[in-house]
Amino acid sequence: MGYIDSVYYYGSYGGAETADDIDILIERASEIVNILTGGKIEAAGGIDGFADTFAKEKIQLATGAQVDYLDRNGGLSSLDSSTPVQMTLGKFSYMNGSGTSERNSFPVSSLARGHLEEAGLLNRSISVRY
């Protein structure tokens with residue numbers, strides 16, 4: 001289940017009305033947000049497992065930002081790891097600035113990362129209570 005829905009994305013967040021496959025993008029963005037936190041959101045029982053409203057709001061903002069980022073960068077196809085990171089043609093060479101050659105990499109919004117950092121969800125310490 002995603003951390004936001006299309007009503008939140010288009011309404012409260014003010015997301016782009018052009019997003020195709022919005023429900024799937026929300027699910028993938030939510031997965032990415034959870035991965036960035038080291039699984040802390042799922043470990044807490046999802047977004048409703050957080051008593052702190054500030055943390056909930058930051059998770060929702062991070063998810064909205066990640067949906068925007070995925071949508072602006074090719075939608076679901078931006079998650080395809082077969083995208084070339086670097087290519088050379090003669091003397092011309094191009095390297096995708098956001099690309100990486102890491103095996104388990106995926107595109108991440110710096111705005112989403114910022115929201116999660118503000119909520120204290122990016123540290124790797126173990127916490128029993130949220």
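Model, not experiment: these values are computed from the prediction. Atom set for the values below is all heavy atoms of this structure, side chains included, hydrogens, waters and symmetry mates excluded.
- Expressed to the nearest 0.5 Å, how far CG of L121 lies from NE2 of H115 amounts to 12.5 Å.
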*Should I4 and Y13 be marked as a side-chain contact (heavy atoms from CB on, under 4.5 Å) after you check the CA-CA gap, both sets of side-chain angles, and the distance that decides it?*
CA-CA 10 Å; I4 61 173; Y13 185 76; 5.9 Å; no
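- Contact detail for D71 and A16: the closest heavy-atom pair is OD2-CB, 4.3 Å.
- Annotation: the span from L111 atom CG to L61 atom CG amounts to 8.0 Å, rounded to 0.5 Å.
- Note: I41 CD1 to E31 CD = 12.0 Å, rounded to the nearest 0.5 Å.
- Counting heavy atoms from C-beta on, the side chains of S6 and D23 come closer than 4.5 Å.
- You'll find the side chain of N123 reaches within 4.5 Å of the side chain of K40, heavy atoms only.
- R113 places a side-chain heavy atom less than 4.5 Å from the side chain of V108.
- Remark: side-chain polar atoms of N73 are paired, donor with acceptor, to backbone N or O of Y69 under 3.5 angstrom.
- Formation of a donor-acceptor pair under 3.5 Å by the Y3 side chain with backbone atoms of E27 is not found in this model.
- Summarising the geometry of D5 relative to I26, their closest heavy-atom pair is C-CD1, 3.6 Å, with the distance given to 0.1 Å.
- A distance of 9.0 Å separates CG of N34 from CD1 of I59, quoted to the nearest 0.5 Å.
- We find the CD-CD distance between E118 and E57 to be 11.5 Å, quoted to the nearest 0.5 Å.
- The distance from the CD atom of E117 to the OG1 atom of T37 is 13.5 Å, given to the nearest 0.5 Å.
- Nearest heavy-atom pair, A65 versus A112, reported as atom, atom and distance to 0.1 Å: CB-N, 3.8 Å.
- In terms of modelled atom types and a separation under 3.5 Å, the side chain of D21 and the main chain of I24 share no donor-acceptor contact.
- When atom types are taken as modelled, the side chain of Q66 and the backbone of P107 share a donor-acceptor pair closer than 3.5 angstrom.
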*Could you walk me through whether T63 and Y9 pass the side-chain contact (heavy atoms from CB on, under 4.5 Å) test, one step at a time?*
CA-CA 9 Å; T63 306; Y9 178 72; over 6 Å; no
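- When all heavy atoms are compared, the tightest approach of S30 to G2 is OG-CA, 3.2 Å.
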*Going through the checks in order, is the side-chain contact (heavy atoms from CB on, under 4.5 Å) test met by V33 and K58?*
CA-CA 11 Å; V33 166; K58 288 299 181 177; over 6 Å; no
